[in-house]
2 protein chains.
Amino acid sequence: MTDASQYLLVCYLEARADGEPVAPGDVAERLDRSPAATTEMLQRLEQRGYLAYEPYEGATLTAAGRREAESLYDSYVVLAEFFRTVLELEDPDREAIELAGHVSSLVTDRVAETLLESDTEPDDHGGPSLERS
Amino acid sequence: MTDASQYLLVCYLEARADGEPVAPGDVAERLDRSPAATTEMLQRLEQRGYLAYEPYEGATLTAAGRREAESLYDSYVVLAEFFRTVLELEDPDREAIELAGHVSSLVTDRVAETLLESDTEPDDHGGPSLERS
DNA sequence: GTTTTGTTTTAGGTCGGCCTAAACACTCGT
DNA sequence: ACGAGTGTTTAGGCCGACCTAAAACAAAAC
């Protein structure tokens with residue numbers, strides 16, 4: 001699961017921001033995919049037990065889906081932070097969403113550690129620290 | 001091209017190590033794929049102009065293929081180095097091969113920079129520097 | 001010069017992920 | 001209550017990436 005995890009993560013992000021159920025259109029737009037592709041994927045994610053999908057309503061994460069999504073979210077936060085403060089990329093969020101499903105949690109954890117280290121170092125970039133979770 | 005790039009990169013690595021043509025079996029084993037999948041992919045890569053494939057012989061990179069592969073290789077080297085010296089992963093090579101096709105060269109470049117920086121810092125981990133290219 | 005062994009390829013099939021176009025369903029405004 | 005408009009879903013199709021099993025091949029062993 002790598003492409004699918006992007007949808008799951010975005011569902012989670014949307015749910016945080018706008019609550020559930022999550023409208024497929026929002027997901028589609030955020031991922032720059034066709035509405036059709038999104039519907040299809042949400043149905044797939046439902047089959048896999050990550051969310052409940054009500055046609056013309058939207059997606060609601062299941063417990064399993066939320067667990068999975070939170071894990072992805074953790075990766076996403078760490079990566080985005082890393083991309084922003086260390087690599088200074090232009091669109092850290094987008095790149096982080098794309099990559100969150102591709103990196104092992106081991107990588108994420110270690111990156112998080114290096115971020116904490118550089119946070120306590122003298123030449124701090126001034127960005128906000130991680131907080132959360 | 002993300003899965004395909006793994007094959008291309010491995011072809012390049014094999015070509016460096018054992019010369020050309022590259023036997024599909026070696027590629028298959030290295031990527032933990034079936035021989036059939038590998039044959040198929042090498043044929044695909046041939047269609048895309050990245051290599052010449054001679055049945056029962058093996059693959060020989062074209063100029064375009066080598067160019068592409070070198071770019072992947074650069075990412076691979078940087079990522080592997082990063083995974084080894086900074087994140088201290090168990091199998092930095094494998095993870096680097098998998099990720100090389102997924103990260104933008106922008107990311108790679110910035111990571112390379114941070115590696116250079118940490119190289120010149122007092123608490124050097126002692127790993128070898130990048131050299132190459 | 002056959003046979004055997006190991007590798008490679010083809011055949012046939014599955015699933016994931018994406019698209020466009022067309023059908024469908026809600027929601028409003030009138 | 002109906003038709004317009006917006007958003008969503010279904011239908012049909014395409015391509016990528018993988019697999020197993022069976023056929024084809026090359027090279028070594030006899």
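As the structure is a computational prediction, the values presented were derived from the model and not from experiment. The analysis underlying the following values was restricted to heavy atoms, covering all of them including side chains, and did not include hydrogens, waters or symmetry mates. By convention in this document, chain letters (A, B, ...) are assigned in the order of the sequence lines, proteins followed by strands, and residues within each chain are numbered from 1.
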So, is [X] near the phosphate of [N], with a side-chain N or O under 4.0 Å from OP1 or OP2?
{"X": "Tyr53(A)", "N": "dT9(D)", "answer": "yes"}
{"X": "Tyr56(B)", "N": "dA27(D)", "answer": "no"}
{"X": "Ser34(B)", "N": "dC19(D)", "answer": "yes"}
{"X": "Tyr7(B)", "N": "dG16(D)", "answer": "no"}
{"X": "Arg33(A)", "N": "dC19(C)", "answer": "no"}

Heavy atoms only, 4.0 Å cut-off, all strands: where does [X] land among base, sugar-phosphate and nothing?
{"X": "Met41(A)", "result": "sugar-phosphate"}
{"X": "Pro55(A)", "result": "sugar-phosphate"}
{"X": "Ala37(A)", "result": "sugar-phosphate"}

Find the distance [X]:[atom1] to [N]:[atom2] and express it as a whole number of Å.
{"X": "Gln43(B)", "N": "dA11(C)", "atom1": "CD", "atom2": "P", "result": "11 Å"}
{"X": "Glu57(B)", "N": "dT9(C)", "atom1": "CD", "atom2": "C1'", "result": "14 Å"}
{"X": "Leu42(B)", "N": "dT10(C)", "atom1": "CG", "atom2": "P", "result": "12 Å"}
{"X": "Glu29(B)", "N": "dT8(C)", "atom1": "CD", "atom2": "C1'", "result": "15 Å"}
{"X": "Glu40(A)", "N": "dG16(C)", "atom1": "CD", "atom2": "P", "result": "10 Å"}
{"X": "Leu8(B)", "N": "dA17(D)", "atom1": "CG", "atom2": "C1'", "result": "16 Å"}
{"X": "Glu54(B)", "N": "dT7(C)", "atom1": "CD", "atom2": "C1'", "result": "16 Å"}
{"X": "Asp3(B)", "N": "dG17(C)", "atom1": "CG", "atom2": "P", "result": "11 Å"}

Could you state whether Tyr56(A) and Val27(A) fall into the same hydrophobic cluster, counting links through intermediate Ile, Leu, Val, Met, Phe, Trp or Tyr residues with side-chain heavy atoms under 4.5 angstrom apart?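 Unlinked, Tyr56(A) and Val27(A) end up in two clusters.
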
Val22(B) to Glu14(B) - nearest heavy-atom pair and separation: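 Scanning both residues, the minimum pair turns out to be CG1-CB, 3.7 Å.
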
If every non-hydrogen atom of Thr2(B) is compared with every non-hydrogen atom of Gly101(B), which pair is closest and at what distance?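 Distance-wise, the nearest heavy atoms are CG2-O, 3.9 Å.
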
Checking contacts here: which listed nucleotide ([options]) is nearest the side-chain heavy atoms of [X]?
{"X": "Pro35(A)", "options": "dC19(C), dA17(D), dT9(D)", "answer": "dT9(D)"}
{"X": "Thr39(B)", "options": "dT9(D), dT9(C), dC19(D)", "answer": "dT9(C)"}
{"X": "Arg48(B)", "options": "dT8(D), dG16(D), dT20(D)", "answer": "dG16(D)"}
{"X": "Ala23(B)", "options": "dT8(C), dA11(C), dG17(C)", "answer": "dT8(C)"}

Using heavy-atom distances to pick each residue's nearest nucleotide on DNA chain C, tell me which of Asp32(A) and Pro24(B) is more 5'.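 Closest to the 5' end, via its nearest nucleotide, is Pro24(B).
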
For Glu70(A), is there an ion pair with Arg67(A) - N to carboxylate O distance below 4.0 angstrom?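 Salt bridge between Arg67(A) and Glu70(A), a charged N being under 4.0 Å from a carboxylate O: no.
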
Does Arg16(B) make a cation-pi contact with Tyr73(B) (under 6.0 Å, within 45 degrees of the axis)?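 Output yes; distance and angle both within limits.
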
Backbone N or O of Leu31(A) within a donor-acceptor pair of the Arg33(A) side chain at under 3.5 Å?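 Yes, Arg33(A) side chain to Leu31(A) backbone: donor-acceptor pair under 3.5 Å.
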
